Amino acid sequence: QKEVEQDPGPLSVPEGAIVSLNCTYSNSAFQYFMWYRQYSRKGPELLMYTYSSGNKEDGRFTAQVDKSSKYISLFIRDSQPSDSATYLCAMTLIYNQGGKLIFGQGTELSVKP
Amino acid sequence: EAGVTQFPSHSVIEKGQTVTLRCDPISGHDNLYWYRRVMGKEIKFLLHFVKESKQDESGMPNNRFLAERTGGTYSTLKVQPAELEDSGVYFCASSPGTGRINYGYTFGSGTRLTVV
């Protein structure tokens, strides 16, 4: 069983839709949860960063962590064609000591005009 | 601020040959990481340098892979001899040292390695 499970998609939505991306994980010791966005032929770029359980909002993006269910989500409101990319969840045990990231497989998102 | 630079961006080599990938981290970043994505799989950790020292190399697949970080600056990842299963995208990332607020690693664009 993978440590982090993420539906690879692809997911196609019309412009303006609300997008929900999710990951589940098995290791209850994970403390730091991240969402990365990756455009084609580019490296992952950090979108959101959350410590432990709770919500975090940044513009059109909201990250949620439910440690009791070992489930994390990223919501994108008013999705735009420029949001079309692969979204990767990642998590780690020890963040500020430079802990290694455990990634999900990534979900490919396409937002149609 | 210049980002993480990797080269080559793409390399095609024959099985049995040697390939060296290079990563230049963001200046001043003590932490340097190598990750790999094999087609259809998730990005996986290979190893972590703190300055010139290997902090964690638990993800290195086997002894055909050798990573170095000269003087705590740039890093190289050598694959010798390359096998077909080594094909994938190799990412390098860097982050500031411990004790500093660290909101995320910065990844390079990756080196796409194809072994034929």
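Treat the numbers as computed from the prediction; the structure is a model and nothing was measured. We name chains A, B, ... by the order of the sequence lines, and we start the count at 1 in each one.
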Q: Check whether Gln38(A) gets within reach of chain B through its side chain, its backbone, both or neither, counting any heavy atom under 4.5 Å.
A: side chain
Q. About how many Å separate CZ of Phe103(A) and CZ of Phe91(B), when rounded to the nearest 0.5 Å?
A. 8.5 Å
Q. Heavy-atom distance under 4.5 Å to chain A: side chain of Ser9(B), backbone, both or neither?
A. neither
Q.
Applying a strict under-4.5 Å side-chain criterion to I, L, V, M, F, W and Y, I'd like to know whether Trp34(B) and Leu46(A) cluster together.
A. no
Q: Calculate, to the nearest 0.5 Å, the distance between atoms CD1 and CD1 belonging to Ile43(B) and Ile102(A) respectively.
A: 11.5 Å
Q: May I ask you to check whether over 12 heavy atoms, not counting those of Lys44(B), lie within 6.0 Å of atom NZ?
A: no
Q.
Report, in residue-number order, which members of residues 35-42 of chain B are under 4.5 Å from chain A by heavy-atom distance.
A. Tyr35(B), Arg37(B), Gly40(B), Lys41(B), Glu42(B)
Q | In one Ile/Leu/Val/Met/Phe/Trp/Tyr side-chain cluster, 4.5 Å: Met48(A), Val111(A) | A | yes
Q) Linking I/L/V/M/F/W/Y whenever any side-chain heavy atoms sit under 4.5 Å apart, do Leu109(A) and Phe75(A) land together? A) no
Q | Residue pair Leu101(A) / Phe45(B): nearest heavy atoms and the distance that separates them | A | O-CB, 4.3 Å
Q. For the residue pair Pro44(A) and Phe107(B), what are the closest heavy atoms and their distance?
A. O-CB, 3.4 Å
Q. Are Leu84(B) and Phe65(B) grouped together when hydrophobic residues (ILVMFWY) are joined by side-chain heavy atoms under 4.5 angstrom apart?
A. yes
Q | chain B contact via Leu88(A) - side chain, backbone, both or neither, heavy atoms under 4.5 Å | A | side chain
Q. Are Val89(B) and Leu46(B) linked, directly or through other ILVMFWY residues, by side chains that come within less than 4.5 angstrom of each other?
A. no
Q | Exceeds 12 heavy-atom contacts within 6.0 angstrom, atom CD of Glu68(B) | A | no
Q.
Looking only at heavy atoms and a cut-off of under 4.5 Å, which of Gln6(A), Arg41(A), Lys2(A) has the most pairs with chain B?
A. Arg41(A)
